[in-house]
Amino acid sequence: MQASPLAHHFESLEKQAHAARLGMWLFLATEVLLFTALFAAYGVYRFLYPEGFAQSSRSIETWIGFVNTLVLVTSSFTVAMGLDAAVKGNGRRTALLFAASVGLALVFLGFKAIEYAHHFQEGQLPGRYYTFEGVQAPGASLYFSLYFLITGLHAIHVIIGMSALAIVGALAWRGRFTGEYHIPVELAGLYWHLVDLVWIFVFPLIYLI
Amino acid sequence: MNELMRRVLFLPEQASEYARGVDRLHFFVILTTMVAATGVFGTALYFFVRYRRRSDTDVTPHVTPRPIHEILFIGGPLTLFLVWFAIGFPQYVSLQTPPKDAMDVYVQGKKWMWKFAYPGGPSAVDTLRVPAGRPVRLLITSRDVIHSFFVPALRVKQDALPGRYTETWFDADRPGRYQIFCAEFCGIGHSSMLGEVVVMPAEEFDAWIADQRKGLTRAQDAAPAPGEPVRAASSVVDEGRRIAAEQGCLKCHSIDGSPHIGPTWLNLYLRHEKLKDGRTVVADEGYLTKSMMDPGADIVAGYQNVMPTFQGKLAPPEAAAVVEYIKSLQTAAGVSGPSEPPIYEPVKRPRQ
Amino acid sequence: MSPSSAPVSEVPAYNPRNYLNSPATGLRSWLTTRDHKRIGVMFLVATTFFFAVGGLFAMLIRIELLTPGPTIVDAMTYNRLFTLHGVVMIFLFMIPAIPSGFGNFLLPIMLGARDVAFPRLNLLSFYVYLLGATIALWGMIHGGADTGWTFYTPYSTQTVTKVVPILLGAFILGFSSILTGLNFIVTTHTLRAPGMTWTRMPLFIWSIYATSVIQILATPVLGMTLLLVAIENAFGWGIFDPARGGDPVLFQHFFWFYSHPAVYIMVLPAMAVISEVVCTFSHKNIFGYNAVAYSSLGIAFVGFFTWGHHLFTSGQSAFDAGIFGVLSMFVGIFTAIKVFNWTATLYKGSISFKTPFAYFVGFLFFLVFGGMTGIALATVSLDVHWQDTYFVVAHFHFIMVGATIMAFLAALHYWFPKITGRTYPEGWGLVGATLVILGFNFTFIPQFLLGNEGMPRRYYAYPERFWPLNVASTAGASVLAFGLVLILVYLLVSLRSGPVAGPNPWHSRGFEWFVPSPPPPENWEVTPVITHPPHDYHHAGEAPPGGVEPEPRHAS
Ligand code: HEA
Ligand code: HEA
Ligand code: CUA
Ligand SMILES: [Cu+2]
């Protein structure tokens, strides 16, 4: 990427960008499938233990989930604006907007940490560590296994996405991208939208229904 | 013909009508498979001989298929496959639907043995006795990991899943002894988890089961399994464990949370138990004792009234020890909802 | 040397400036290379190594089964042996071997491209493979696992053996194949040479493309599933643990949702190879190009809906069993289409019986027999008898060893001149092929019969009536192993001292044969323009315009 952004085996930047985009979409598809396995498990157990799942879902703090949803949606919005700035060739603006997104991601993780700490206190833990008194219906410990798996995996994705945004933002600040060449900005943005999108599914599954 | 094919294909003896039916399909399937495989192979060889290369620069005609070719390529095998399926699937369905008048036997896989329990008490390890010419339904479960109950001579196999019941049935019509294998990998003893189905003439079986019901051999099979540590009774709890095993309680009650013929004992103590008639009781010492002495009084919802009474068989200190043992089976993360009924619904029929 | 002047002459030439020696030859230049050809070769070497490891385990299994009782190892060791045999053969050898090895080497050349779309990702894929393999190997050395390659819960979550590193290894290997598949799909979409329309692509690419689709769609689910088992084994979170309300059969659904499509990951690349071999050695255009091309996609698609045929005896409802059974019948049709089209390709051809062709003939027989026993297994009631017996073992070895290994060996011989620039000894090649095909039949036909007789698989010891057939099987395996070692030896020898092959020893019209052997680092000096469908053997002569025409590369 040092000299020319065009790699030797592509005939044009356009084609290369097309390839990069296609690759990213495919990658996102595999990411979605990664979560799909967990969602499928969630669906099966919800069906087997409706009572335990409903009670457990009610026993956790909906407002944190709700705030976090707002935070993530806002961050997606700032990322989209950042991309728009990059298309217009305004690298500094992109960097600032991405920094805002990273900040929002940190807020998200902060809330998540508060929530996890709370679960640890209450004993709302997976499998054999489950000691929560409030809900004793069968399936409750499974709910928390899946809760930690899904939100944990999502949190890892938030951290990865955050790092990507930070790196790309820093490059944008240094003026690495132009109106013509800003594929990394676009890809980092796409990834972040995926992180957001997954959460849009996680939120109702875990907190609402 | 049947006998010849059976021997050529190394199939074991056919101990039921179902087995013979499956074998007929088997012969059909294998013969067509061989014909197809040698047919394709032979055609390739024929083409090779016929169109051997003459020179390195041979020019060959550009041959492309007409629609009829592809239709044949698709239609031919598809028809054949669907015919196989149309024969095989109904056989499978029949295997899944035991006749209403079948005799029930509870089968439990356990590392590494098979336990069989007949309604009304008698039980056995590794030897399943069944009457010839009468349908037998097996309600199969497992104590630990997945096993699979397999009798080649009956062409019957069914996985034994922990925490769940599966069922299968057969109607063996030839008295004899047939091997049982465990077909699902279950650890070091997998290949020695063998057993035997003994198909007895119906009258002999009736005599045998009547004998068993008299309780002649009751305690013998419930002794601790080989490998299970047999410790001297050091405390009341251990005493209770020993008695429970001796009296055969553990044939019906699990201690690991899985529903069995009776409700599990895990976290039973102080559980709010839903009864069949809608009442809820707390399983305290009194209730536990009463359940042993008069099991018919409070039937747990979802279970049948099959537990024998132990009035007069358990001395009061022994009953107390068992209660202590049940009380000891508590986990921290206990699932303390009402007992979950087993998934199967035993067929209702008059008790003999 | 430009492709138009690729010599047709009698004196074959060794291309002096090739990917093996330029830009540099040192180990470092190999380990940091981004050349898809070098990465392909590294994959081939690594996977062949693991083939030998898996084969060693197989031979130990066969020796142990030589007598009904204990023979050389104890029960625990035996259980580890077949688990590691299955894991190594499937995850470390068969899934990467053809796609990541031959696919990497050939796909860009055949497309007329300089490289794959993401060369760095390609190298990363190789290192991810090495990482996964190392972790799995570490687990094998420190105790191995005794669960079978299917890792059925709850056994796998309770065993004290080292399943966690092996599961993690398999999880990581999954990412290697995801990366490769992703790369291939993007490459096929974006780097086709001018004039290379979808219907002018070599069939090899169609099949590899279909494989990649499966890799991308199915592998993440498996990855997650294996991770769940690892977590369960290490921490007891209860997802598959019946004592905590978990459902062990759910694991089987997840596992087979991946692993059934995965069997097509293992057989589609074999079909890719065969489609090329059959055209080249019969000098004929493929009969029914479209049918063969689209049936690959058909297999990839329908293959996702048949996983339940592994669960006929685990308490599935009869309704589900029926659906999965019927769909399995349909997936067989796509294979049948291919088989018939390959056979019809020979019609009016000009067939030369070289080693790769010998493997093709073996492949046909094994695929049809193995495939049809697969359909037989899907006829539900028969499966109840055969499930988890040696019949199943024979079924999948017939396809995985019978069909795929034949294709692997065919590919090895067919492209050996292209990859190394040298030829192997044809006479020895035919001897090797004969030994392998005979030995194979001798190994696995007795296993079909053992399955009929009722011998369950994964049995360390068995009743004496199974003895004779087991001896036959072990004898066959020895012949098979001898044949394979022989092949390895003469191939290694030819690597150094084989006669120089020239660019197109088979007089093929496959696009890869229009570049010199071994190919130069940039594959095509000038970007070719494709004007004809592949394999147009009805034209006289063999040089271009056999489909490829040179065009100056765009200045960038
Ligand atoms: C490369 C690997 C591969 C391939 C391609 C296949 C292909 C198929 N397999 Fe197989 N299978 C395995 C690998 C593979 N399998 C493995 C590893 C296992 C065991 C896993 C374990 O438990 O450890 C297994 C197990 C397995 C089972 C479960 C057995 C059991 O455990 O009880 C079943 C059941 O239906 C099955 C079915 C099929 C079917 C229907 C196909 C079809 O795709 C086959 C299609 C092919 C054809 C149908 C041949 C072509 C047909 C013709 C040319 C037509 C013939 C001509 C005329 C009719 C005139 N397979
Ligand atoms: C790709 C997959 C693959 C391959 C190639 C093989 C190859 C062989 N397999 Fe097996 N096998 C499996 C996949 C495979 N297997 C799987 C998935 C299982 C199930 C495991 C389980 O139950 O969990 C199994 C199980 C299995 C069993 C059943 C064990 C049991 O259930 O108890 C047996 C028993 O005979 C067996 C035998 C063999 C033999 C004799 C070979 C022979 O074909 C091996 C021949 C190879 C060699 C002897 C190596 C020599 C090679 C070289 C020296 C390198 C040469 C290199 C070149 C020529 C390039 N295998
Ligand atoms: Cu029990 Cu295998
Ligand atoms: Cu399958």
Side-chain angles (χ1 to χ4, degrees), chain B residues 9-12 22 25-26 29 33 36-37 40-41 43-44 47-48 51-53 56-63 65 70 73-74 77-78 81-82 84-85 88-89 91-93 95-96 145-146 148 150 152 155 157-159 161-163 166 181 183-188 190-191 256-258, chain C residues 75-76 148 152 154-155 242-243 248-249 283-285 287-288 291 313-315 318 321-322 325-326 329 332-333 336-337 339-340 343 346-353 361 364-365 368-369 372-373 375-376 379-382 384-385 387-388 449 452-454 456 458-461 507 537-538 540:
Chain B
L9 293 173
F10 282 77
L11 283 162
V22 169
L25 176 60
H26 190 152
V29 162
T33 299
V40 172
F41 181 74
T43 315
F47 282 155
F48 163 64
Y51 303 110
R52 212 130 16 116
R53 182 165 303 181
D56 282 348
T57 49
D58 280 354
V59 176
T60 55
H62 190 84
V63 187
E70 301 296 0
F73 290 175
I74 295 175
L78 188 61
F81 296 164
L82 289 178
W84 291 0
F85 183 76
F89 186 58
Q91 289 178 339
Y92 180 76
V93 172
L95 192 63
Q96 299 282 305
V145 298
I146 302 179
S148 191
F150 176 31
R155 312 290 188 268
K157 180 183 292 121
Q158 181 62 54
D159 285 7
L161 302 164
T166 51
F181 291 106
E184 185 64 63
F185 181 67
C186 54
I188 304 186
H190 172 54
S191 60
D256 61 5
S258 49
Chain C
M76 194 62 187
Y152 272 19
Y155 188 78
V249 180
H283 261 192
K284 257 293 299 304
N285 70 310
F287 183 82
T313 61
S314 51
V326 166
M329 307 286 145
I333 294 311
I337 294 177
V339 167
F340 291 133
T343 315
L346 303 179
Y347 174 66
K348 291 196 175 165
S350 153
I351 304 167
S352 82
F353 203 93
V361 178
L364 261 193
F365 179 73
V368 176
F369 202 87
M372 290 196 52
T373 53
I375 304 289
T379 52
V380 206
S381 68
L382 282 173
V384 172
H385 178 57
Q387 207 309 298
D388 272 328
L449 301 174
N452 281 346
E453 207 176 356
R458 298 170 177 171
Y459 260 34
Y460 164 66
H507 313 285
Y537 288 95
H538 54 295

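Every chain is numbered from 1 and lettered A, B, ... according to where its sequence line falls, protein lines coming before strand lines.
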Expected output: side-chain [X] to main-chain [Y] donor-acceptor under 3.5 Å:
{"X": "C/Lys284", "Y": "C/Tyr347", "answer": "yes"}
{"X": "B/Lys157", "Y": "C/Gln387", "answer": "yes"}
{"X": "C/His283", "Y": "C/His507", "answer": "yes"}

Pick whichever of [options] has the most heavy-atom pairs under 4.5 Å with chain B.
{"options": "C/Gly332, C/Gly325, C/Gly148", "result": "C/Gly325"}
{"options": "C/Val249, C/Val361, C/Asp388", "result": "C/Asp388"}
{"options": "C/Ser350, C/Pro456, C/Ala75, C/Gly454", "result": "C/Ser350"}
{"options": "C/Ile337, C/Val339, C/Leu364, C/Val368", "result": "C/Val368"}
{"options": "C/Gly288, C/Ala336, C/Ala291, C/Ser314", "result": "C/Ser314"}

For the candidates [options], which exhibits the highest count of non-hydrogen atom pairs separated by less than 4.5 Å from chain C?
{"options": "B/Phe89, B/Phe181, B/Phe41", "value": "B/Phe181"}
{"options": "B/Arg155, B/Gln158, B/His190, B/Glu184", "value": "B/His190"}
{"options": "B/Val93, B/Leu82, B/Ile146, B/Leu95", "value": "B/Ile146"}
{"options": "B/Ile74, B/Val22, B/Thr43", "value": "B/Ile74"}

Where [X] and [Y] come nearest, the two heavy atoms and their spacing:
{"X": "C/Ala321", "Y": "C/Val380", "answer": "CB-CG1, 4.3 Å"}
{"X": "C/Tyr155", "Y": "B/Ile188", "answer": "OH-N, 4.4 Å"}
{"X": "B/Tyr51", "Y": "C/Gly349", "answer": "CB-O, 3.2 Å"}
{"X": "C/Ser381", "Y": "B/Leu25", "answer": "OG-CD2, 3.6 Å"}

Parallel, tilted or perpendicular, as decided by the 30° and 60° cut-offs, for the rings of B/Phe73 and C/Phe340: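 Answer is tilted, since the angle falls between 30° and 60°.
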With only heavy atoms counted, which part of [X] is less than 4.5 Å from chain C, the side chain, the backbone, both or neither?
{"X": "B/Leu11", "result": "both"}
{"X": "B/Phe10", "result": "both"}
{"X": "B/Thr166", "result": "side chain"}
{"X": "B/Phe150", "result": "side chain"}
{"X": "B/Gln96", "result": "side chain"}
{"X": "B/Leu9", "result": "both"}
{"X": "B/Val40", "result": "both"}

Interatomic distance, C/Met372 atom CE to B/Trp84 atom CH2 [nearest 0.5 angstrom]: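 Nearest 0.5 Å value for the CE-CH2 distance: 3.5 Å.
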Engaged part of C/Tyr152 at the chain B interface, taking heavy atoms whose separation is under 4.5 Å: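 Only the side chain of C/Tyr152 comes within 4.5 Å of chain B.
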Chain B contact via C/Val326 - which portion, at a heavy-atom distance below 4.5 Å: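 Both backbone and side chain of C/Val326 come within 4.5 Å of chain B.
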C/Arg458: salt bridge (Lys or Arg N to Asp or Glu O under 4.0 Å) partners, not counting sequence neighbours: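 Checked C/Arg458 against salt bridge (Lys or Arg N to Asp or Glu O under 4.0 Å); zero matches.
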C/Val384 and B/Tyr92: CA distance, side-chain angles, deciding distance, side-chain contact (heavy atoms from CB on, under 4.5 Å) verdict: CA-CA 8 Å; C/Val384 172; B/Tyr92 180 76; 3.7 Å; yes
